[in-house]
K.L.:
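Attaching a single structure in structure tokens format; questions to follow.
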Amino acid sequence: MKLKYKFVIREVGGAPVAVAVGADSADFSGMVKLNDTGAFLFGLMNEHHTEKELAAALCEKYDVSEKDALAAVLSLCGRLSSEGLLDE
Amino acid sequence: MNSSIADRIEKDGVILGVPVGYSMWPMLRDRRDQIVVEKPTRPLKKGDVVLFLRADGQYVLHRIRRREGSKYIIRGDNCDYDERVSADSIVGVLRGFYRGDRYVDCGKSAGYRMYSALWDTTRLPRAAYRRVKGAAYGVYRRVFKKK
């Protein structure tokens with residue numbers, strides 16, 4: 001799965017926030033508040049990856065189990081999908 | 001995620017957004033840079049770039065030129081006209097912006113402060129240049145492009 005729009009991630013008030021830029025900002029003008037894990041995954045999701053690939057990247061970056069990593073990926077993807085931000 | 005910009009600033013205190021249009025060019029580039037706008041926490045002053053809500057519901061980010069009574073006289077860096085804006089229409093003030101990957105802090109950047117001061121003092125020559133350029137382009141079109 002891949003993000004529907006081209007996002008950049010910036011730090012605002014000490015926390016990562018994503019906004020769509022370029023022509024995509026006409027379709028999505030909101031901002032997405034993230035935590036560090038979310039920002040890491042968001043950065044990867046500008047390119048297409050499966051849930052398992054994202055979970056594996058999370059395991060490599062952070063010291064978490066595969067099960068927890070997959071749960072975090074599915075949680076984020078569920079939230080993004082409900083907001084219409086995933087190009088599934 | 002669908003709440004209005006004013007609501008988001010009120011709730012979160014600060015927002016990240018993308019500027020649309022050319023009225024603050026060359027400082028802000030259409031849909032390319034990112035702006036960090038915060039709820040005003042101090043009296044606004046000349047040179048501050050503020051986000052205000054027009055009567056038609058459009059949000060506009062322009063620079064304060066001066067104050068007249070209860071109104072602010074505001075103009076975009078790339079505009080030739082002023083707007084009189086009431087203080088209660090102002091919902092935020094520009095804290096900083098990302099130009100490409102570089103963050104410019106409006107309160108700390110010496111380069112930004114110099115730009116802000118120079119931009120207002122050079123307003124008349126720049127307006128004259130734009131008019132001359134527009135007239136020259138009109139002549140060029142009549143001479144070389146008219147079929």
Side-chain angles (χ1 to χ4, degrees), chain A residues 1-47 49 51 54 57 61 71-88, chain B residues 1-25 27-42 49 51 53-54 56-61 91-109:
Chain A
M1 55 188 49
K2 181 175 180 272
L3 291 168
K4 193 172 180 180
Y5 308 113
K6 182 181 187 308
F7 281 92
V8 294
I9 299 166
R10 305 297 190 198
E11 195 175 297
V12 176
V17 172
V19 287
V21 292
D24 287 348
S25 64
D27 296 319
F28 181 74
S29 59
M31 65 179 199
V32 184
K33 288 191 272 187
L34 300 161
N35 56 23
D36 288 343
T37 314
F40 172 69
L41 291 172
F42 231 72
L44 294 176
M45 290 168 75
N46 275 319
E47 302 295 329
H49 292 284
E51 286 101 330
L54 293 170
K61 171 90 174 171
V73 168
L74 292 175
S75 168
L76 178 69
C77 290
R79 184 181 154 212
L80 295 176
S81 181
S82 68
E83 296 286 350
L85 297 179
L86 278 188
D87 193 8
E88 291 167 285
Chain B
M1 290 187 198
N2 294 321
S3 55
S4 79
I5 291 172
D7 289 344
R8 290 192 330 225
I9 294 174
E10 183 63 34
K11 180 168 171 273
D12 297 333
V14 60
I15 62 160
L16 180 70
V18 175
V20 177
Y22 298 89
S23 67
M24 285 301 285
W25 184 89
M27 186 178 93
L28 298 173
R29 297 169 298 179
D30 177 52
R31 298 190 188 279
R32 286 177 63 188
D33 300 318
Q34 298 92 50
I35 51 175
V36 179
V37 177
E38 65 184 356
K39 192 175 168 179
T41 54
R42 56 167 173 76
V49 175
L51 184 70
L53 184 59
R54 282 188 180 142
D56 63 2
Q58 184 185 22
Y59 286 95
V60 180
L61 186 79
V91 299
V93 59
L94 187 69
R95 175 197 287 181
F97 55 93
Y98 286 90
R99 190 173 166 86
D101 285 330
R102 187 169 63 95
Y103 181 67
V104 178
D105 187 317
C106 295
K108 293 178 183 166
S109 165

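Convention: sequence-line order gives letters A, B, ...; per-chain numbering from 1. Because only heavy atoms are used, hydrogens play no part in the values below, and waters and symmetry mates are left out as well, while side chains stay in. Source: prediction; values computed, not measured.
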K.L.:
With chain A, which of B:Arg32, B:Glu38, B:Gln34 has the greatest number of heavy-atom pairs at distances under 4.5 Å?
P.N.:
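Option with the top pair count is B:Gln34.
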K.L.:
With a 4.5 angstrom heavy-atom cut-off, is it the side chain or the backbone of B:Arg95 that approaches chain A, or both, or neither?
P.N.:
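Only the side chain of B:Arg95 comes within 4.5 Å of chain A.
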K.L.:
I'd like to check the salt bridge (charged side-chain N to carboxylate O under 4.0 Å, His left out) partners of B:Arg102; sequence neighbours left out, ordered by chain and number.
P.N.:
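Counting only residues at least two positions away or on another chain, B:Arg102 forms no salt bridge (charged side-chain N to carboxylate O under 4.0 Å, His left out).
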K.L.:
Taking distance alone, no hydrogens or angles, what donor-acceptor pairs closer than 3.5 Å link side-chain atoms of residues 11-30 of chain A to residues at least two apart or in another chain?
P.N.:
unit_1: A:Asp24; atom_1: OD2; unit_2: A:Lys6; atom_2: N; d: 2.6
unit_1: A:Ser25; atom_1: OG; unit_2: A:Gly22; atom_2: O; d: 2.7
unit_1: A:Ser25; atom_1: OG; unit_2: B:Arg31; atom_2: NH1; d: 2.9

K.L.:
Crowded around B:Gln58 CD? As in, over 12 foreign heavy atoms under 6.0 Å?
P.N.:
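Atom CD in B:Gln58 is crowded, with more than 12 foreign heavy atoms closer than 6.0 Å.
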K.L.:
For B:Tyr22, look at atom OH and say whether over 12 heavy atoms of other residues, nucleotides or ligands are found less than 6.0 Å away.
P.N.:
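Count not over threshold, so no.
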K.L.:
Please walk me through it: do B:Asp12 and A:Lys33 pass side chain to side chain contact (heavy atoms under 4.5 Å, CB included)?
P.N.:
CA-CA 11 Å; B:Asp12 297 333; A:Lys33 288 191 272 187; 3.1 Å; yes
K.L.:
Quick check for you: to the nearest 0.5 Å, what is the distance between B:Ile35 atom CD1 and A:Arg10 atom CZ?
P.N.:
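Rounded to the nearest 0.5 Å, the CD1-CZ separation comes out at 13.0 Å.
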K.L.:
Counting heavy-atom pairs closer than 4.5 Å to chain A, which one of B:Leu16, B:Val20, B:Val18, B:Asp33 comes out on top?
P.N.:
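When all of B:Leu16, B:Val20, B:Val18, B:Asp33 are compared, B:Leu16 has the most.
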